[in-house]
Amino acid sequence: MSDTYAIADSIHVLQVDDTPLLDETVEFPDGRDPDSLTLTTTDRADSALERLEDDAIDGIVAADDLPDRSGRAFVDAVRERDSNVPVLLLTESESVATDAVSNGATDVFRRDTAVGRGDLLANRIRLLVEHHQSTTIASQTRRRLTELAEQSNELLWVFSGDWTEIQFVNSAYETIYGRSVESLRADPTEFMTAIHPTDQDRVIQAMQHVSAGDAADLEFRITRPDGEQRWVRAEAQPIVNDGTVTRIVGVSRDITERKRRESERATELDSSDTPVDAVPDLFYALDENGDLVRWNDALATATGYTDAALASMTLAALFATSDREGVRESIESAFETDETSFEADLLTADGTTVPYEFTGGRITAADGSTLGVAGIGREISTHDSRQQALEQQNERLDEFASVVSHDLRNPLDVARGQLELVQMEHDSEHLDTVKRAHDRIGQLIEDLLTLARNGEAALDSEPMPLQTVVEQCWQTVETGDATLELRTSAVVRADPSRLRQLFENLIRNSVEHGQTPHTERQEDASEQRATTSISQSQGAATDLTITIGELNDGFYVADDGVGIPADEHEDVFEGGYSLASSPGFGLRIVDEIVDTHGWSITVAESDAGGARFEVTGVEFETA
């Protein structure tokens with residue numbers, strides 16, 4: 001048997017039945033190619049067993065009352081030859097169905113259900129075969145990964161989310177720490193006893209951050225049982241399922257030799273006649289490996305780290321995650337071309353980011369060899385670095401959109417197809433709940449894709465009359481008995497599709513979250529703008545008035561509904577925020593559209609006590 005496995009495009013099913021229910025013309029319910037099923041049929045157990053020996057059989061469908069032996073005896077004979085091939089037993093006997101699985105059958109299927117419904121029977125055996133193939137692939141993959149891990153000089157490990165259980169570790173632990181793998185499995189906290197006392201608090205803090213869902217990358221000292229001290233660099237990544245960190249995977253490597261070279265290079269770079277601490281800008285010096293070996297007081301002040309902390313940190317840890325690859329490439333450029341210039345966000349000890357522009361040049365020794373790179377960093381305004389940040393964000397959003405459209409939609413489509421099959425066999429209100437959950441997931445996927453596309457597409461601004469845009473949006477959103485009041489005739493410069501999406505989401509937000517009995521309101525006598533009222537009766541909202549008006553430098557959308565609690569005004573634009581059962585990304589999309597245009601948006605209480613969204617910084621078109 002080959003060690004290479006893959007989910008097959010077609011399956012070969014052996015049907016053992018004197019009254020067969022399957023034929024090769026059967027169509028799978030999910031629309032698969034009919035050629036994806038190859039069928040071999042026999043009415044006798046002995047003949048079937050010979051076929052199993054000679055042919056590559058992916059699954060077996062067998063009757064429980066074969067002419068030459070019982071279905072149970074046939075399953076026993078199959079298991080003597082192949083312990084894994086899926087066997088689906090057809091029966092009308094409750095006693096046979098009860099005992100079949102415990103006696104070797106993979107699953108049972110009622111024969112009376114399968115009569116005239118070969119598609120259901122074909123789909124059931126196909127699912128059993130695919131599950132078996134997936135399990136085999138997973139087993140083979142795990143074995144190969146274990147073999148690969150044992151060939152690595154790096155320490156590979158997997159802990160539980162709370163660090164109380166070691167789920168995997170390779171033998172490199174013994175090489176680096178000088179302790180046995182068995183001792184670590186017996187006491188998962190053993191590695192902590194090797195860490196230098198001065199570094200333990202920092203390591204514990206990093207472990208806590210990873211358990212909370214953040215990645216970590218740090219360097220620390222360890223002491224082996226023989227008294228030898230070594231430097232270790234560890235990188236840890238949390239694995240999150242349903243919002244909970246279930247596993248922590250990581251890699252550790254011995255960097256003692258690198259640290260020794262850094263110390264030697266730092267001595268060469270440290271010249272007493274270089275008053276770097278007097279320089280107001282950030283000064284940095286890197287060794288030939290690109291690791292930080294010297295800095296001035298300004299760098300420590302700007303980052304909030306002590307000199308001791310900086311000495312044990314990697315260069316990447318000083319920058320925002322999104323900028324680290326770009327920084328690495330820029331440093332490599334300095335070694336190749338003698339100089340470099342780049343912009344990146346400096347990451348401070350309290351987690352904030354500050355945009356900086358860095359320049360640097362290659363340092364050489366008297367013999368011409370490269371000692372490293374040195375340079376300065378100067379803080380720049382957020383506006384200056386905005387374009388670069390947007391370009392990086394767009395690249396990430398493009399990748400995100402691809403993942404959402406493929407890796408989320410495909411399993412959702414499979415789940416919907418399987419639900420339709422179950423509904424054909426059963427009628428239950430619980431299945432309706434599952435269907436609603438599928439629909440909600442689909443809406444969430446669409447909202448996430450909208451977020452991604454808003455960030456990655458360029459603006460195509462043109463003059464847009466607010467009254468026309470709002471009236472179009474009112475016709476596309478389910479507003480029920482809600483009433484629209486337009487108090488603006490302004491024309492703004494904006495991207496047409498995004499402006500419509502902004503108003504659609506704000507109107508939908510008021511309808512979904514703002515339902516309340518209608519209350520009479522006194523209109524401001526000084527209001528000079530025209531008021532237009534439009535009503536619809538679609539049942540989505542009752543006695544709700546939504547007002548869209550003009551500000552000095554923008555517009556607002558207000559309602560007379562229940563409003564938003566004052567202490568949640570800052571939270572409504574976060575993804576997932578919702579006071580109803582919707583996915584909660586509508587206002588996040590609004591915030592993205594506003595930000596893309598360079599506008600600002602705030603939430604407040606309307607005059608009637610409902611919600612009021614104010615968009616400012618808008619460019620008006622004059623007649």
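Remember, predicted model here, so these are calculated numbers, not experimental data.
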Show me, pair by pair, the donor-acceptor contacts under 3.5 angstrom made by side chains of residues 207-215, not counting sequence neighbours?
unit_1: Ser211; atom_1: OG; unit_2: Gly161; atom_2: O; d: 2.9
unit_1: Ser211; atom_1: OG; unit_2: Trp163; atom_2: NE1; d: 3.0
unit_1: Ser211; atom_1: OG; unit_2: Met207; atom_2: O; d: 3.3

Please list, one pair per line, the donor and acceptor atoms closer than 3.5 Å that link side chains of residues 236-247 to other protein atoms, with sequence neighbours excluded.
unit_1: Asn241; atom_1: ND2; unit_2: Thr246; atom_2: OG1; d: 3.0
unit_1: Thr246; atom_1: OG1; unit_2: Ile239; atom_2: O; d: 3.4

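Panel note: side chain His597, backbone Arg493; no donor-acceptor pair is recorded below 3.5 Å. Arg324 places a side-chain N or O within donor-acceptor distance of the main-chain N or O of Ala316, the cut-off being under 3.5 Å.
Listed by first and then second residue, the salt bridge (charged side-chain N to carboxylate O under 4.0 Å, His left out) pairs that reach into residues 164-188 come to none, sequence neighbours excluded.
Scanning for side-chain hydrogen bond (donor to acceptor under 3.5 Å, both in side chains) contacts around Tyr173 gives Glu190, with sequence neighbours left out. Every residue two or more places apart in sequence or in another chain that forms a side-chain hydrogen bond (donor to acceptor under 3.5 Å, both in side chains) with Ser252 is listed here: Trp157. Remark: Arg508 engages Asn505 in a side-chain hydrogen bond (donor to acceptor under 3.5 Å, both in side chains) (not counting sequence neighbours). His569 is linked by a side-chain hydrogen bond (donor to acceptor under 3.5 Å, both in side chains) to nothing, counting only residues two or more places apart in sequence or in another chain. With sequence neighbours left out, Glu462 forms a side chain to side chain contact (heavy atoms under 4.5 Å, CB included) with Met464, Pro496. For the side chain to side chain contact (heavy atoms under 4.5 Å, CB included) test, residues two or more places apart in sequence or in another chain that qualify with Arg224 are Asp226, Glu228, Arg230. Applying the side chain to side chain contact (heavy atoms under 4.5 Å, CB included) rule to Arg378 yields the partners Asp281, Ile376; only residues at least two apart in sequence or on another chain are considered. With sequence neighbours excluded, the residues forming a side chain to side chain contact (heavy atoms under 4.5 Å, CB included) with Val354 are Thr348, Tyr356, Glu379, listed by chain and number. When the ring pair (Phe, Tyr, Trp, His ring centres under 6.0 Å) test is applied to Phe613, no partner is found at least two apart in sequence or on another chain.
The shortest side-chain heavy-atom distance between Phe220 and Val232 falls under the 4.5 Å cut-off. Side-chain contact between Ile331 and Phe342 is present, with heavy atoms from C-beta onward closer than 4.5 Å.
Distance check: Asp297 CG to Leu282 CG gives 11.5 Å after rounding to the nearest 0.5 Å. With values rounded to the nearest 0.5 angstrom, Asp201 atom CG is found 10.5 Å from Ile195 atom CD1. For the atom pair Trp231 CH2 and Ile255 CD1, the distance stands at 7.0 Å (nearest 0.5 Å). Here the CG atom belonging to Asp254 is positioned 11.0 Å from the CD atom belonging to Glu154, to the nearest 0.5 angstrom. To the nearest 0.5 Å, atoms CG (Asp338) and OG1 (Thr370) are separated by 8.0 Å.
One finds a salt bridge joining Arg253 and Glu235 here, because a Lys/Arg side-chain nitrogen approaches an Asp/Glu carboxylate oxygen to under 4.0 Å. The pair Arg202-Asp199 counts as a salt bridge, with a side-chain nitrogen and a carboxylate oxygen less than 4.0 angstrom apart.
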